[in-house]
4 protein chains.
Amino acid sequence: MPAEAGARRPGAVRSEDARTAILAAASELLAEQGYDHLTIEGIAARAKVGKPTIYRWWPSKSALIAECLLDDALLPETITPRNTGDVLADVTEWFGKIVRFVDDGKSTALIRSILAAAIDNNDVAIQLARRLGATPESLEGRLDAAVASGELVAEASVRHLSDSLIGAIVLRLISHSGFEPDDARQFPRTILAGSLA
Amino acid sequence: MPAEAGARRPGAVRSEDARTAILAAASELLAEQGYDHLTIEGIAARAKVGKPTIYRWWPSKSALIAECLLDDALLPETITPRNTGDVLADVTEWFGKIVRFVDDGKSTALIRSILAAAIDNNDVAIQLARRLGATPESLEGRLDAAVASGELVAEASVRHLSDSLIGAIVLRLISHSGFEPDDARQFPRTILAGSLA
Amino acid sequence: MPAEAGARRPGAVRSEDARTAILAAASELLAEQGYDHLTIEGIAARAKVGKPTIYRWWPSKSALIAECLLDDALLPETITPRNTGDVLADVTEWFGKIVRFVDDGKSTALIRSILAAAIDNNDVAIQLARRLGATPESLEGRLDAAVASGELVAEASVRHLSDSLIGAIVLRLISHSGFEPDDARQFPRTILAGSLA
Amino acid sequence: MPAEAGARRPGAVRSEDARTAILAAASELLAEQGYDHLTIEGIAARAKVGKPTIYRWWPSKSALIAECLLDDALLPETITPRNTGDVLADVTEWFGKIVRFVDDGKSTALIRSILAAAIDNNDVAIQLARRLGATPESLEGRLDAAVASGELVAEASVRHLSDSLIGAIVLRLISHSGFEPDDARQFPRTILAGSLA
DNA sequence: ACGTAAGCGAGACGGTACGTCCCGTCTTGGC
DNA sequence: GCCAAGACGGGACGTACCGTCTCGCTTACGT
């Protein structure tokens with residue numbers, strides 16, 4: 001019983017198998033070959049799917065990547081700061097984990113590829129930012145909590161602090177210059193220093 | 001009698017005309033069409049040059065962009081902070097100018113294109129970072145001077161502050177979300193606060 | 001249920017329009033420009049077809065020419081000897097027609113081009129030989145009939161006579177020296193003389 | 001000490017070393033790679049000579065091949081029929097040698113290449129015909145002698161006989177179908193039969 | 001239960017750009 | 001003035017993908 005009259009005409013329904021095979025193939029190929037060697041043709045072949053099936057549902061390569069991110073087919077794990085009551089310690093720990101993840105060699109090329117996709121697709125950019133911390137459960141959530149609990153001064157701009165931390169990581173990614181461990185430990189202190197209560 | 005046995009005879013010399021025409025054409029087309037619609041074929045046609053002349057001297061599109069940046073064919077103007085003795089004011093002024101430049105609509109697509117090039121070519125990344133402040137005459141220079149003069153505390157990490165400021169701009173560029181004027185005024189204070197003497 | 005397990009699914013079918021447009025374009029350009037100025041790119045442009053469509057179906061320029069010959073897109077008319085009962089007269093008439101056709105200035109460049117193609121593609125050579133006489137309906141057929149009817153001696157080698165007549169034409173084509181009318185009249189007599197009954 | 005006053009202006013004279021190196025390189029490469037893979041660039045490189053040196057002296061690749069033939073850099077040996085007084089035996093022997101030479105596998109590709117060159121350069125065609133027999137010392141000479149001595153009838157057309165013999169060889173070369181030994185023995189008899197006294 | 005229409009795989013199509021090869025001309029500096 | 005070396009503008013090569021378009025098939029709704 002369709003919810004609304006004339007909702008859909010007869011015919012086969014979208015194949016979930018095809019959808020997941022495509023996302024999986026795209027994720028694998030992105031990790032293996034990088035964003036600019038990623039081709040729709042290659043994805044279709046790997047997913048054993050016709051090209052039109054991809055074009056029917058996604059307008060562009062980058063939209064496909066955005067959905068991969070949304071679907072956790074890429075970057076399945078999320079790094080979230082703890083809340084021990086010590087915001088500087090928590091953020092420093094989080095930052096170190098992010099840095100290690102991003103510099104680890106296996107994922108650095110992948111992240112760089114996602115970054116390339118992000119430049120021409122805002123949805124990718126949004127998803128990437130979420131993965132890296134711009135989400136209520138993650139960095140911004142921890143900072144908000146810190147403001148609420150008085151660990152950070154009331155006028156502290158959570159958005160600015162978050163952008164600084166993530167922006168620096170992105171900048172280092174782009175310029176192929178990672179963070180040394182000491183750097184990574186010191187960086188959050190430098191940024192947060194002016195906002196600690 | 002040749003100076004050394006293995007010395008190769010000279011042959012015709014590289015044409016400076018061709019080189020500059022190529023760099024100019026690449027710069028124009030990058031600004032007009034963006035990095036991923038930029039084609040070697042198009043550059044060759046615009047520069048009235050054979051494709052092989054480009055391939056003879058540059059291994060890739062991105063290497064060509066890197067040389068455009070080096071040659072000041074792209075981004076000819078450099079924004080440099082003043083030194084009035086008030087580091088926060090100077091950096092805030094500089095940051096505002098950068099933000100206005102980067103958000104101004106004419107150059108934002110260009111910068112985004114350069115960013116895309118930077119992701120697959122470290123030389124582009126280095127040149128771009130220089131243009132944005134990582135140079136003794138620019139942001140890092142001003143911050144170094146502030147440390148030297150005692151405006152900033154001795155242990156302040158100039159590199160970290162610089163990465164934060166520039167990284168945030170890059171992040172906003174990638175995610176298509178610019179800085180509001182108030183944001184731009186407040187941001188440097190948030191970052192520098194912890195390092196002011 | 002598919003008839004057999006390994007059967008591949010069909011997909012779109014080859015476009016006959018494209019095929020004939022390509023053959024026509026190739027034939028025209030061969031006649032206009034000669035074999036070595038013939039380019040795949042030019043054929044594709046004339047036929048309003050993508051280059052890959054040509055490469056999908058023909059491995060080389062010469063294979064394309066071979067199919068033009070097979071398809072009667074080149075050399076549509078065939079010159080066939082009559083059978084009046086007088087083999088020398090019939091062959092002489094046929095030879096004269098071939099010589100006139102081949103020397104006529106419009107087709108001589110075309111035939112020369114086909115000859116060039118024949119050198120690096122045996123299929124072209126075979127088709128060209130057929131057009132010139134190596135076919136049951138043509139010269140060899142007439143000679144076979146003459147042997148059967150006793151006009152030629154039983155041991156006469158039809159293949160040898162045919163090769164002589166056609167070979168001489170080819171040789172004259174290659175060396176840019178045509179047959180004078182008298183020459184053309186006399187030649188078959190010289191060759192056939194030893195085989196007449 | 002110049003032989004005549006004011007005869008020529010100063011400057012270096014054409015280098016014979018360069019000329020022979022070029023002819024040798026062209027001959028080798030023609031034999032190795034065939035006519036259509038033969039490039040001026042390759043010849044220059046093999047001969048350790050600048051490209052302009054080639055263009056200064058030869059207008060085209062095929063002219064260069066023609067000079068190779070003239071200079072005996074290609075096809076150094078000439079096959080000449082003997083004169084034992086038996087023209088059929090002599091021509092048959094000569095024909096057999098030519099067939100074996102032409103079919104031998106090492107030289108067949110070379111001859112085919114020369115044939116390709118002959119199609120767009122009449123000088124090559126002339127030289128090739130000479131090598132194969134159209135020269136007073138060779139086939140036509142032997143046939144002329146036969147007419148003079150009465151072995152062949154007075155009205156026999158030497159040119160026609162020669163064209164038939166050589167044309168058939170060329171035809172077989174083009175169509176990749178050689179002569180069997182029996183064929184080769186029988187062929188001259190078939191052709192000459194009508195002209196023997 | 002059946003017709004109908006959408007989804008699907010396959011893959012051909014007209015295109016664009018790739019990066020390479022060679023063309024024939026030119027420029028340079030040494031002999 | 002000839003030569004080697006080799007850069008140049010140009011054009012075609014054969015390939016890789018693009019995004020669109022048939023093809024026949026499978027599938028599953030709605031009558």
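- In this structure, A:Arg46 atom CZ and E:dG9 atom C1' are separated by 18 Å, rounded to whole Å.
- Here the P atom of nucleotide E:dG24 and the CG atom of C:Asp36 are 11 Å apart, to the nearest Å.
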Grab the N/O contacts between the protein and nucleotides 9-13 of chain F below 3.5 Å, and write none if there aren't any.
unit_1 : atom_1 : unit_2  : atom_2 : d
F:dG9  : OP2    : B:Thr53 : OG1    : 2.9
F:dC13 : OP1    : C:Ile40 : N      : 2.8
F:dC13 : OP2    : C:Ile40 : N      : 3.3
F:dC13 : OP2    : C:Glu41 : N      : 2.8

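- Within the structure, salt bridge (Lys or Arg N to Asp or Glu O under 4.0 Å) contacts touching residues 57-67 of chain B (residues at least two apart or in different chains) are B:Arg19-B:Glu67.
- For A:Ala21, the side chain to side chain contact (heavy atoms under 4.5 Å, CB included) partners at least two apart in sequence or on another chain are A:Ala47.
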D:Asp36 and C:Asp36: side chain to side chain contact (heavy atoms under 4.5 Å, CB included), yes or no, with the steps?
CA-CA 10 Å; D:Asp36 36 340; C:Asp36 37 342; over 6 Å; no
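- Taking C:Ala31 as the reference, C:Leu110 meet the side chain to side chain contact (heavy atoms under 4.5 Å, CB included) condition, with sequence neighbours excluded.
- Where A:Pro59 and C:Val13 each meet DNA chain F at their nearest nucleotide, the meeting point lying more 5' is that of A:Pro59.
- Taking atom CD1 of B:Ile54 as the reference point, atom P of E:dT20 lies 13 Å away to the nearest angstrom.
- The separation between B:Asp17 atom CG and E:dC26 atom P is 17 Å, rounded to whole Å.
- Distance CD1/D:Ile22 to CG/D:Asp17: 10.5 Å, rounded to 0.5 Å.
- Atom CD in A:Glu16 sits roughly 16 Å away from atom C1' in F:dT27 (whole-Å rounding).
- Atom CH2 in C:Trp58 sits roughly 13 Å away from atom P in E:dA12 (whole-Å rounding).
- Within the nucleic acid shown, B:Trp57 comes within 4.0 Å of sugar-phosphate atoms alone, with no base atom in reach, counting heavy atoms only.
- Minimum heavy-atom separation, A:Ala18 to A:Thr53: CB-CG2, 4.4 Å.
- To the nearest angstrom, C1' of E:dG14 lies 11 Å from CD1 of C:Ile22.
- Across the protein-nucleic acid pair, C:Ile43 atom CD1 and E:dG14 atom P stand 14 Å apart, rounded to whole Å.
- Of all the residues in residues 112-120 of chain A, not one reaches under 4.0 Å from DNA chain F with any non-hydrogen atom.
- Annotation: side chain to side chain contact (heavy atoms under 4.5 Å, CB included) contacts of D:Asn122 (sequence neighbours excluded): C:Ser175, C:His176, D:Ala125, D:Ile126.
- Closest heavy-atom contact between D:Ala26 and D:Ile43: CB-CD1, 3.9 Å.
- Considering B:Asn121, B:Asp123, B:Leu115 in turn, B:Leu115 is the only one that fulfils the side-chain contact (heavy atoms from CB on, under 4.5 Å) rule with B:Leu128.
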